[in-house]
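Okay, structure first, notes after.
These values consider heavy atoms only, across backbone and side chains, with no hydrogens, waters or symmetry-generated copies.
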Amino acid sequence: MASPTSDGAPGWIGARLKRKEDERFLYAAGRYVADVRLPGLKDVAFVRSDVAHGRLLGVTKPEGADVFTLADLGPLNDLVAGPEIAEFRTSLYPPLAGDKVRFVGQPVAAVIAATRAEAEDIAAEVLVETEELGAVTDAVAALAPDAPRLHEAWADNAFIAAPVIAGDQDALAAAPVVVRRRLKMNRQATVSLEGRGVVAHYDRRYGELIVHLSTQGAHVMRRGLAEVLGLAENRIRVIAPDVGGGFGGKNRLTPEEIAVCAMALKTGQPLRWIEDRREHLIASLHAREHTYEIALHAEADGTIIGMSGDVYIDAGAYALWPTGAFMEASMAARNLTGPYKARALNLQTYTVATNKAPMGPYRGVARPGACFAIERMVDELAAELGMDPIEIRRRNLITEADLPMRTVGGLSLDTGHYPAALDMACEMIGVDKVRARQKAGEADGRVIGLGIAVYTEQSGHGTSEWMKRKARVVPGHESANVRMHPDGTVDIAVGIQNHGQGLETTLSQIAATELGLHPDAINVRYGDTATTPFGFGTFASRSIVFSGGAVAKGCREVAAKARRIGAALLQVSADDVRIEAGEIVGPAGSVSLAEVARAATLRPEFLPEGEDALLETTVSYEPADSAGVFSYGAHAVVVAVEPLTGAVDLLDYVVAEDCGTVINPLIVDGQIVGGVAQGIGTALYEEIPFDPELGQPLATTFGDYMVPCASEIPDIRIGHLVTPARVTEYGVKGMGEGGAIAPPAAVGNALADAFRQSRAQFLETPFTPRRVSDAVAAADGEGAR
Amino acid sequence: MRPAPFAFARPDGLADALSRLGADDDAMPIAGGQSLLVLLGLRLAGAETLVDVTRIPELCGAREADGAVVFGAATTHAMIEDGKVPDPSRGLMRRVAGRIAYRAVRNRGTIGGSLALSDPAADWCPVLIALGATYDIVSAGGARQVAAEDFADGAYSTVLEPGELIRSITVPVLQEGTRWGHAKHARKTGAFAESIAVVVKRPDGVRAALGATGSHAVLLPSVAEAVASGGDVAAAARADIAMADPDADAYRARCHLATILNAAREVCA
Amino acid sequence: MIDLSFTLNGAPVSQRVEDRTSLADLVREGHGLTGTHVGCEHGACGACTVLVDGEPARSCIVLAAMCEGRAVTTAEGLVDDPVMAELRRQFHDKHALQCGFCTPAMMISARDIIARHGAAAPATIRKELAGQICRCTGYAPIVAAIAAAGAALNPSSDAAAAAPHVAATAAGASDAS
């Protein structure tokens with residue numbers, strides 16, 4: 001495949017290249033943390049709180065057992081987490097509980113034994129005494145003056161309360177149409193199929209703690225471990241081997257990981273903790289729980305003016321290092337006007353502590369909630385005004401002519417054609433055909449609904465945006481080390497992580513494009529602080545923008561030097577050569593990159609005067625504008641609902657999306673379909689409810705926590721628009737999260753559409769059969785009880 | 001998530017198994033273990049000794065006998081699904097088997113094990129009640145027969161006494177002209193059912209049963225009568241549901257109504 | 001502890017194991033066969049699926065002690081299997097894996113679906129794949145890969161001619177029902 005692309009993009013950009021990382025997995029030879037084998041490795045099990053809120057009175061260890069409490073781990077440094085805002089109330093999250101326990105599942109003690117089973121036997125014998133306190137399980141009720149206080153020093157249970165007020169407040173107040181609703185997106189887990197995991201041991205070779213960690217960002221986690229353990233960073237090596245999914249959930253440092261490292265240092269023994277599924281569901285980070293008590297303000301003709309009201313983020317008991325859940329509130333609020341030409345926002349946000357596991361990032365971060373709120377509200381407005389949901393969107397969508405623009409929420413939308421995405425989705429789903437089918441009715445009594453949701457996805461945002469969020473760690477750049485070996489092959493070491501995104505392949509495509517090589521000649525390395533340059537990791541749809549940009553930049557530097565050396569070998573000017581298919585090509589001849597690389601390494605006598613040896617560089621990269629580049633899309637879905645049972649079947653699902661220039665369409669489509677499946681999980685299946693009085697989590701296994709399977713997820717049809725970004729390499733935009741943003745909104749709108757005659761209310765995810773059935777019955781006048 | 005220690009016993013035949021189960025109150029029979037090992041792993045259940053019953057000849061395989069099929073209790077769901085054993089039910093049992101949990105679970109889970117655990121949401125209980133099955137129960141002291149509808153007496157509770165074991169399940173062969181309907185509602189494929197309804201309409205009478213109640217599967221006499229007479233099935237269903245699952249909330253009652261109506265519709269189609 | 005003699009990937013093994021040891025722990029911890037992944041430990045995610053006497057089983061809820069006299073085959077033992085070779089080709093071609101954690105067990109289940117259903121239709125594949133969780137791909141590429149492998153391995157069947165080689169983006173009505 002010499003020139004794989006047909007659309008004029010250079011080199012390998014846009015090639016549907018099959019993934020380089022597949023082979024090891026297809027041969028069952030992937031290597032995850034649980035697969036690491038060390039001599040003398042022992043297993044760790046945690047003793048966890050079985051009460052939601054209580055004072056920890058004592059921990060009784062069985063005689064002769066290897067059991068650690070917080071006091072046994074020390075001395076540890078405080079690891080302060082959350083944004084750097086004076087009003088933000090910090091809450092130290094100790095690796096093992098200190099004076100209090102604040103959620104069911106919080107680690108209280110840790111047991112070391114020869115096997116996990118034996119460690120669990122001992123854990124069952126550890127006696128934890130607590131004085132139970134009232135449990136706080138609802139983020140709104142948590143703010144009542146008489147609510148039990150999680151952190152006694154605080155004035156109330158809010159980590160922070162912050163207004164988001166912008167734009168034309170007079171217009172908001174004078175709006176002739178105001179639609180008010182209370183919407184809720186419930187709490188769920190991230191459910192990477194591989195849970196968290198850590199294997200830690202002290203290695204005397206370099207006098208360092210070697211930590212195998214299932215993480216999305218080895219370098220940042222090392223920083224956190226160094227802080228809390230009081231070790232120099234060059235005395236910790238974090239290795240992220242193959243990581244079995246992250247989705248945000250592995251982008252925080254968690255107490256179990258810290259405890260295992262501290263115990264490995266204390267005991268000098270190699271230790272392993274592998275999170276089991278129950279631990280994952282109760283004590284790994286949780287996601288999504290937002291409540292919106294909001295009003296959409298509009299003109300009588302359906303023109304949106306803006307949004308007002310309250311946004312509650314149920315952040316759980318603690319802030320996880322580094323940033324906790326504290327971009328949720330501002331991201332939710334700032335995205336609440338969606339892709340529409342709204343003029344005003346007047347929101348109060350509350351990020352609230354409750355007796356639940358700490359909230360963390362999960363694919364889409366805050367935007368699935370915000371998209372659900374605005375897109376459901378737009379449909380509610382349309383219903384109120386008797387307008388068509390598609391027409392009301394066309395009237396309000398930001399157009400190509402409006403871009404670039406700064407939204408009232410302060411987002412700098414860059415490029416795109418939002419109405420075109422809406423049109424494409426409508427065309428693909430066949431709106432007229434669906435309407436005709438609805439009219440005809442179903443022989444089996446099911447009811448058909450059509451739902452649409454439009455979203456934007458901020459990606460590739462850097463320093464300015466993260467500073468605005470007062471982040472403790474500002475992921476404003478990414479790095480790449482590019483090294484050409486004497487035979488002309490290339491190793492590229494990057495600071496991001498690849499846990500399913502196909503970055504070994506896409507970064508190879510970029511490098512191959514810039515170096516005139518085949519992607520097979522490129523080897524991409526990551527996930528080891530000892531062998532890769534500093535980087536922040538893979539999250540926030542940033543890797544192709546940042547790491548791709550760094551790889552391009554580094555490869556260009558190496559290519560320029562290779563051209564100079566090659567030109568000298570060809571005895572022509574560097575301006576007269578180009579790099580192509582593994583050769584430096586001059587006017588009358590060529591020399592292979594391998595020859596050039598040999599001169600740069602093994603045979604320096606061939607180097608031109610004044611040229612240093614080596615074809616190697618380490619660079620960092622940030623896009624020219626760090627406000628981010630915005631992917632966007634429109635989802636359309638057709639549902640069939642059984643009114644009595646509330647069973648929802650997805651008959652068709654289409655996505656029209658634009659993520660700028662596509663490096664590899666195979667991988668982009670894979671990310672979209674996978675994201676939509678997770679979004680469907682949020683929309684219809686996944687939820688961790690809590691007993692409201694006792695604070696016990698009620699979905700602790702996959703028997704109660706529904707993860708959709710192939711039988712639940714339909715084929716997803718995808719249409720592409722391509723509007724390149726202006727400030728990134730090749731015009732790429734990040735797109736890893738987008739698929740997960742719109743499904744709750746689209747499915748909710750489809751349900752509302754199905755029952756538009758009765759005006760059944762679909763305002764709370766997931767739309768389980770029970771919720772759907774109850775909503776239909778309530779609208780039909782039957783008590784839902 | 002590992003179970004607490006227990007001993008695993010491989011008995012030398014039925015008598016040995018029964019004597020082990022009879023001698024030790026903390027011994028439990030285990031067949032496929034597809035539910036029990038989950039409960040043990042979560043440490044929601046405990047056992048001193050697990051007695052493997054899957055290699056006992058009397059519990060394995062199925063045979064036709066006297067207008068009925070006798071299923072060894074250790075017959076797996078997959079064997080029934082795949083038709084590797086005789087089917088007395090004109091396809092009903094094969095369909096039901098194929099909708100239990102997931103294939104890998106069906107490969108090991110057994111019909112007897114499912115009945116003995118008596119999970120309220122279990123698939124076989126309402127079906128075997130509607131089919132008029134009887135269970136052959138053995139212990140060191142002898143054997144007894146129990147009708148399917150008399151077997152369970154609550155959630156996770158049956159008439160099995162300590163030391164007793166289900167040896168086989170006898171299902172009468174459905175005659176020519178018999179029709180059946182089966183409907184199951186669950187939150188997703190393979191999940192625990194919210195409601196299961198089965199209606200079997202023989203030339204000489206109708207039996208209907210409801211599963212996934214708050215307690216155990218039961219007969220639905222009014223529904224059977226309505227189906228037999230061409231009466232108002234919905235009204236009959238409402239009356240039966242109030243008896244069959246008195247603690248059902250409005251949603252569960254709607255689920256029951258839906259599965260009963262769907263099963264009845266399939267019978268009458 | 002209990003004596004156990006069984007066949008592991010074709011080789012006879014005799015050993016003592018703790019009675020409570022799961023088959024998953026036996027192959028992973030005892031025999032270093034780490035291609036069997038543990039994703040839930042309660043039989044609901046499918047990542048630990050292996051073959052016992054040729055039939056898929058959740059190795060997290062099978063006791064090692066139950067496997068006396070049985071033949072246990074893990075993903076590592078199927079490297080030379082022709083159906084797995086075709087599945088590898090198709091999984092690679094259709095981008096049917098991302099993080100790779102579910103992949104070995106997904107392929108074992110896929111192999112069983114092809115063994116029982118030949119060139120299966122996508123609707124059949126989706127139903128049969130219930131209980132195998134993949135958190136990354138959204139399943140469509142996996143379904144497409146299995147359909148394509150089934151068709152390629154059963155070239156004479158009618159279903160093979162009809163089996164669509166659906167890419168993730170290809171048109172086609174939902175068959176989720």
Let me confirm one number: the [atom1]-[atom2] distance from [X] to [Y], rounded to the nearest 0.5 Å.
X        : Y        : atom1 : atom2 : value
A/Glu642 : B/His185 : CD    : NE2   : 7.5 Å
B/Tyr251 : A/Leu644 : OH    : CG    : 10.5 Å
B/Arg2   : A/Asp43  : CZ    : CG    : 7.0 Å

Step-by-step side-chain contact (heavy atoms from CB on, under 4.5 Å) determination, B/Asp249 to A/Arg770:
CA-CA 11 Å; B/Asp249 61 16; A/Arg770 175 182 286 275; 2.6 Å; yes
Using heavy atoms and a sub-4.5 Å threshold, report which of [range] line up against chain A, by residue number.
range                       : value
residues 25-53 of chain B   : B/Leu42, B/Arg43
residues 256-269 of chain B : B/Leu257, B/Ala258, B/Leu261, B/Asn262
residues 116-125 of chain B : none

What residues, two or more places apart in sequence or in another chain, satisfy side-chain contact (heavy atoms from CB on, under 4.5 Å) together with A/Ser192?
A/Phe247, A/Lys250, A/His280
Which bit of A/Ser773 is near chain B, if near means a heavy-atom gap under 4.5 Å: side chain, backbone, both or neither?
both
Region of A/Thr115 that comes under 4.5 Å of a non-hydrogen atom in chain B:
neither
On a heavy-atom basis, which atom in A/Asp704 and which in B/Arg187 lie closest, and how many Å separate them?
O-NH1, 3.5 Å
Given B/Pro5, B/Ala186, B/Gly190, B/Pro3, the one with more heavy-atom pairs under 4.5 angstrom with chain A than any other is B/Pro5
May I have the step-by-step check of side-chain contact (heavy atoms from CB on, under 4.5 Å) for B/Glu194 and A/Thr645, ending in yes or no?
CA-CA 9 Å; B/Glu194 306 272 352; A/Thr645 62; over 6 Å; no
N/O donor-acceptor pair under 3.5 Å between B/Lys188 side chain and A/Tyr685 backbone
no
Using only heavy-atom distances, determine whether the side chains of A/Glu712 and B/Thr189 contain a donor-acceptor pair under 3.5 Å.
yes
Can a salt bridge be assigned to the pair A/Asp774 and B/Arg254 using a cut-off of 4.0 Å between side-chain N and carboxylate O?
yes
